[in-house]
Chemist: 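Below you'll find the structure I mean.
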Amino acid sequence: MNLRVGLIVNALAGVGGPVALRGSDGVAAQALALGVLPQAGARATEALSALREFGTELTVITGSGSLGADAASAAGLSCKIVYRNPGRGSAEDTATLARRLMLMQVDLLLFAGGDGTARDVAESVGDSFPVLGIPAGVKMYSGVFATTPSAAGTLAVRFLRTHTRRVRQCEVMDLDETDLRSGRIEPSLFGYVASPEDPRLLQGRKVRSGAGDAVQAQAIAASVVEAMEPEQIYLIGPGSTTWVVKQALKGQASMLSVDAYVGGQLVLNDATASALLELTAGRLARILVTCIGGQGHIFGRGNQQFSAELIRRVGRKSVSVLATPSKLISLAGRPFIADMGDRASAAEMTGYVEVVNGYRSKALYRCEAF
Amino acid sequence: MNQVMHNISLSRFTNGRANLRRYHQARWDEPVIFELSQRGERGVLVPELEQEIAVATNQALSGLPHGMLRTQAPRLPEMSQNRVLRHYLRLSQQTLGADLNVDVGQGTCTMKYNPKINEQLARDPRMSELHPLQDADTVQGMLHIFHQVHALMMEVSGMDAVSLQARSGSQAIYGNFAVLRAYQEASGTYGVRDEVITTIFSHPSDAACARLLGYRVITLYPDADGYPDLDALRTALSPRTAALIITNPEDTGIFNKKIRQFTDMVRAAGGVNIYDQANANGLLGITRAREAGFDMCHFNLHKTFATPHACGGPAVGAMCVTQELERFLPSPKVVLREGSYAIDDAGPDSVGKVSAFMGTGSIVLRAYAWAMNLGAKGLREVSEIAVLNNNYMMHELLKIPGLSAPYAPGKRRIEQVRYSWEKLHADTGIHSEQIGIRAADFGVHYWTSHHPFLVPEPATIEPTESYSQADLDEFVDVMRHIAHEAYTNPETIRSAPHNCPVHAVDASVLDDPKRWAITWRGYQRKLRSQEAKQSA
Amino acid sequence: MTNSIDVYPYIPNSVPEVKARMLAAIGANSMEELYAEIPPELRMQRPLSLPEPFLSEHRLKRHVQSLLAKNKSCAEALSFLGGGCYQHHVPAVCDEINGRSEFLTAYAGEPYDDAGRFQALFEYASMLGEMLEMDVVSIPTFDGHQAAATAVRMAGRHTGRKVVLVAEHVSPDKYSVMQNYGRSDLEFRRVPFDLATGTLDMGRLASILDEQVACLFLDNPSYLGVIQDGPAIAAAVHAFGALLVVGVDPSCLGVIAPPSSYGADIVCGDIQSLGMHMSYGGGHGGFIATQDDEALVMQYPSRLFGIAPTKVPGEYGFGDVAYSRTSFDKRENGNEFVGTAAALWGITAGVYMALMGPQGMRDLAHTIICRNAYAKQQLASVTGVRIPHAEQVHFKEFVVNFDASGKSVQTINRALLEQGIFGGHDLSHAFPVLGQCALYSFTEVHSQEDVATLCAALATILTK
């Protein structure tokens, strides 16, 4: 067993938080000047110490100094440096190191940071190999983060120990920090990365094995496609589970777009809000969306093309959420959220929504709207 | 030489409470049985053929079709009798049966005492040497017992008819769905009403059996208090509703007060109500399926009615239905006619067979003996003490830092509780499953929960009526000790088990088709092929 | 004498002082308070109406024994009943092991504290695997009928086809179980057997087979005891890309070729014959076996135990293989369902096979075949008796026809019963085409003298 774990520490992650800067992108110097001590390195060390049990069988591959080598050494792990950089980390450092780690074919990429770091990582590596976030930032909307640094360590150990290396697709979300600081909240979906499955949901003896969520997503897609009415318009939102449905239908769509289908055929690719309104005027339509893991948003995050007017027109009973049972459970009892910014559509979406969660299998789940 | 007499027990107690046991399970390091084989040894001999038969039948195999004669003897181990016995005795010692431990940790399984007298009676040749196709006249005692256990189930459930053919709780769930299908076929609604509603806390078999019989499944999630969500049920009901299948209390141990509203709504919508009564141990003589508005239910005789779990069967699931559904029950049925018992075909509407013959007769006898020893008052005592033990245990366990009992704070639970180590996990990174494994180092164990884990880091504890207060305290002390370890020395937990017959298993091979081995011959074959590749 | 007590031997905390102490500890005033969550309208307003209990162990024992005395068992009578449940000698060590508290009362522990249970069941699967010459054997299912029902569903999932052919000479009960279990997803069609030979009608099989067929299921030896031409049947089925699913009684395999040797893809059956008492149907357990083909392994709903290394060199560990297949992992999205079935009988069957060894299993199958051949010869010479498939090789049982006697099986069996003999199982309802026939079973426990007793009794009854 020769394990190679990639590590990226965004040393400046989180420094904006304590001084209410709501993020650290571009304002690190300001925060450091205010006397904030960076914590990301220590958090990375806390997570990495769990990997000590692999002894000499594990090597950390990382960048020099605060980019990772310091944290790895502090955790007592041997490391190999593939990127030397003289200064404090920046978004470029994260991206460069991530690309090199991808070329090195590491077993798992660990990064310590926040949503901004997740975004930089996702843009560099896509969903090609497993990534796990050690929470160290101010904003952590993305599903790629473990709940605590030590939970990240535990999860990494379990993942590396299993043969099947079960992963799930996780959303990478970010808020634009400039907007955030001026009080506007508009989080967006930036993409997906592959991340180890959460052991809280699928644990130990009963976990290992199989293709997990991927198989369930296939079952969900099969059920959805089988039930499609020939005349109806299907508006399918972005997401990894809806992507499986799109792949089963005809036409070139993408994982991040809203696409419209009739009779199993793509009729509108990467649709805008106004295009959707135009297409559905006077016709029966059904909306298929996923929910943001851990957060529960079904509208208003990464799929703003579904406008308040469209949702009023289509109605709650014609909305299906495609989500595996583990995704529902990750909400810990919190309802779905439809963030519409419109009173009438909010009223329409308040109530129970159909969730397709397997083959010929569904759940009913509460939705609340704002 | 010191002549003082030691009070040994002084160092076994602290403040009047027993210290943790210095336990270690048997560890025989026993080989796999094939490694014990010695060519030529025999364990038991087959009665020899009489000379006359041998002569008369020396051509007996000559009529076999070509290719139907075995060419190679099976490579079974060859062992003398006492060596076989010793091997299996050692394996038995490496198994933590309920008789040996304070087995309150296997929640939902109702690990109660299985009285030895019932075992003795079930092994009487007048039970064990009965063939299931014997003439009814020769099994009147057995049929009386079936008939009486039917009556017992009817009284405990309030239902009108019973079948004991199912060989487990899950098979009874399946059997009840088969009854539902037959009922729907007779009324022309099969395929029209095709949705079964269940809850995420219900046993996985509830949803799985519905699917098996062609139904679509709708799952309800709990509301904020942990109850199945009544509003969600209202939304789920439609002209496609075939049935509701639900447990009460669910695995949280919280009794659903609104259960009658649930069943009324389902009935009003034209659906059938099915009660999974695997969790019945706290309810005998307290509340019944009928009053709660159910049309069908089932009991697990190996749980509530004290028959042994036997490493996972044999067992019996009692299917109980209302008069309206009686004609759909499995065939055959036992009837009392003119003072004697007969075995009748159940008629054209019956679902037919759900298992071979009349099910597991010897388990039915054990349950009968158990109930006949306790009577009505005793059964109620069983339930009351099971509930008392559970609430006492919850009270004591919740004093442990890091452990909680999600939902319905302050309310009494029925027979079990699903706890959560969420806080302990957040604080220490230790998982519930690791705590369960570490507990085995102290001679107890527990089970987490069915999947998916709705309650994070779950542990499901069901004390039943069979354990004393001191037993319960001992289990709590083990949990307290391990929780303390999680905060102070988590490595001991991570590397557990330490006192079991074997150490942590490399589970990765169990999911790898190239390395998994489900039999010894499969293992040998894969090893050989690996060696061949390495030498090539 | 009072028939009411407060303290129950099985309920430690029924002691009133203890009860009071525990109630006080949790701040409850009464037992009633603990049931506060149950609405009054759902509470039972009267005590359960049950017979008076037998509170002492002695009285209970006498009572149950008085009921058992109303049974007449096969140990007292001379029984020729078979048809899926068989009277065999059960070695004493089998009873010793399955009576051990540790095995008898264990349930769902981990592979650590229940290491012995996992190993014993792995060894069971391994020894049965040797008998079957197959690398994958499941943990026991409920019974052989269930094993057949699951096996054909596995074949359906594996092939993606929906039609299941079932031979007409399988046990009617087994067919009922299979159909009940499978018909929501599968379409069942029957393949007749040849009345003259008691074997599968190959001509009809060829005309029914097509590319919609997922599998053919048949028992070999059949329900009527006949050993059929496995290789020919396998060739016909495989020509259409269908799977061959064979039910087999493992106790014949010391002499008879295992179905895998003639190409069976899934093999199933019942293990009652491997060391279980009949117990009025309580001794059954089923097995399912295949070769180690990943695609087929993933179709099992049952648990499969595998061998694995532990962190200590040289130490065997065990655990669940590919657990994600099961409903335990995936609820309604898993394969069928899984739960308690017949694990103790799996362990016992392992003990049985280890005791018997290769020579014992060979002796057993051989003696049974010879005793059936001998019984056929002897019965054929009784006036009024005909053996329809006499020229075939039979294992454990064969059809006996009484048409020539002008008497019904029911009448004959009633008369035999009066002489303390349980005649063969009456087939005249399930197989009317066979006429007044019964299925007579002979195992290693039936001596030459027993056969003579039967023949003499029949001779008297049939000529009356």
Side-chain angles (χ1 to χ4, degrees), chain B residues 43-44 46 50 53 57 60 63 65 67 73-74 78 88 91-92 94-99 125-126 128-132 138 140-141 167-168 170 204-205 207-208 211 214 255 285 309-313 352-353 356-357 360-362 375-376 395 440 468 497 500-501 503 505 513 518-520 522, chain C residues 12 22 26 37 42 48 50 53 67-68 70-73 75 81 91 97 100-102 105-107 112-113 115-117 126 129-130 135-136 142-143 176-177 184 229 231 277 279-282 294 308 310 317 327 331-332 337 339-344 354-355 357-358 363 370 373-374 393 448:
Chain B
V44 66
V46 176
E50 293 85 341
I53 298 183
T57 61
E78 300 177 57
Y88 279 100
L91 294 187
S92 77
Q94 295 188 167
T95 303
L96 189 61
D99 277 351
R126 293 168 296 181
S128 66
E129 297 304 323
L130 295 182
H131 191 286
T138 65
Q140 286 294 304
R167 290 175 185 263
S168 80
S170 289
S205 289
R211 274 289 301 126
F255 191 88
H309 282 73
C311 289
K353 305 293 295 184
F357 305 113
T360 322
S362 42
H395 183 262
S468 73
C500 287
H503 298 85
V505 170
I518 298 158
T519 54
W520 184 249
Chain C
M22 290 174 70
I26 61 172
E37 290 299 299
L42 296 186
L48 289 169
L50 297 176
L67 294 176
L68 294 177
K70 295 179 181 170
N71 295 336
K72 181 167 184 144
S73 82
L81 289 166
I97 295 301
R100 289 286 298 189
S101 266
E102 297 92 328
T105 64
Y107 197 30
Y112 308 109
D113 43 33
R117 167 171 72 96
S126 296
E130 294 297 344
D135 285 1
V136 177
F142 300 113
D143 51 35
S176 177
V177 167
S184 292
D229 189 344
H277 296 277
S279 298
Y280 205 61
E294 184 188 351
T310 75
S327 64
R331 298 175 67 86
E332 70 272 24
F337 65 88
T340 295
L344 190 63
L355 287 167
D363 291 352
C370 291
Y374 178 74
V393 178
Q448 186 179 5

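Because the structure is predicted, anything quoted here is derived from the model rather than measured. Just so it is clear, the values below take in all heavy atoms, side chains as well, and ignore hydrogens, waters and symmetry mates. Lettering of chains follows the sequences in order, A, B, ..., and the numbering in each one begins at 1.
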Chemist: Parallel, tilted or perpendicular: which describes the rings of C/Phe142 and C/Phe337, with under 30° parallel and over 60° perpendicular?
Modeler: tilted
Chemist: What heavy-atom pair brings B/Pro125 and C/Ser73 nearest, and what distance separates the two atoms?
Modeler: O-CB, 3.5 Å
Chemist: Do you see a donor-acceptor pair shorter than 3.5 Å between the side chains of B/Ser205 and B/Ser170?
Modeler: yes
Chemist: Where do B/Thr519 and C/Asp135 come nearest, in terms of heavy atoms and distance?
Modeler: OG1-O, 2.7 Å
Chemist: Against chain B, label C/Arg100 side chain, backbone, both or neither, depending on which of its atoms sit under 4.5 Å from a heavy atom there.
Modeler: side chain
Chemist: Do you know which of B/Gly141, B/Ser362, B/Gly352, B/Gly522 has the most heavy-atom pairs with chain C at a distance under 4.5 angstrom?
Modeler: B/Gly141
Chemist: Among B/Gly63, B/Pro501, B/Gly67, B/Ser92, which residue forms the greatest number of heavy-atom pairs with chain C at distances under 4.5 Å?
Modeler: B/Ser92
Chemist: Side chains of C/Leu42 and B/Phe255: does their closest heavy-atom pair fall under 4.5 Å?
Modeler: yes
Chemist: Given a strict heavy-atom distance threshold of 4.5 Å, which part of B/Val505 is in contact with chain C: side chain, backbone, both, or neither?
Modeler: both
Chemist: Counting heavy-atom pairs under 4.5 Å with chain C, which one of B/Gly97, B/Gly375, B/Cys311 comes out on top?
Modeler: B/Cys311
Chemist: Please state whether the side chain, the backbone, both or neither of C/Ile97 comes within less than 4.5 Å of a heavy atom of chain B.
Modeler: side chain
Chemist: Give the member of B/Ala376, B/Ser128, B/Ser168, B/Pro497 that has the highest number of heavy-atom pairs under 4.5 Å with chain C.
Modeler: B/Ser128
Chemist: For B/Pro132, is it the side chain, the backbone, both or neither that has a heavy atom under 4.5 Å from a heavy atom of chain C?
Modeler: both
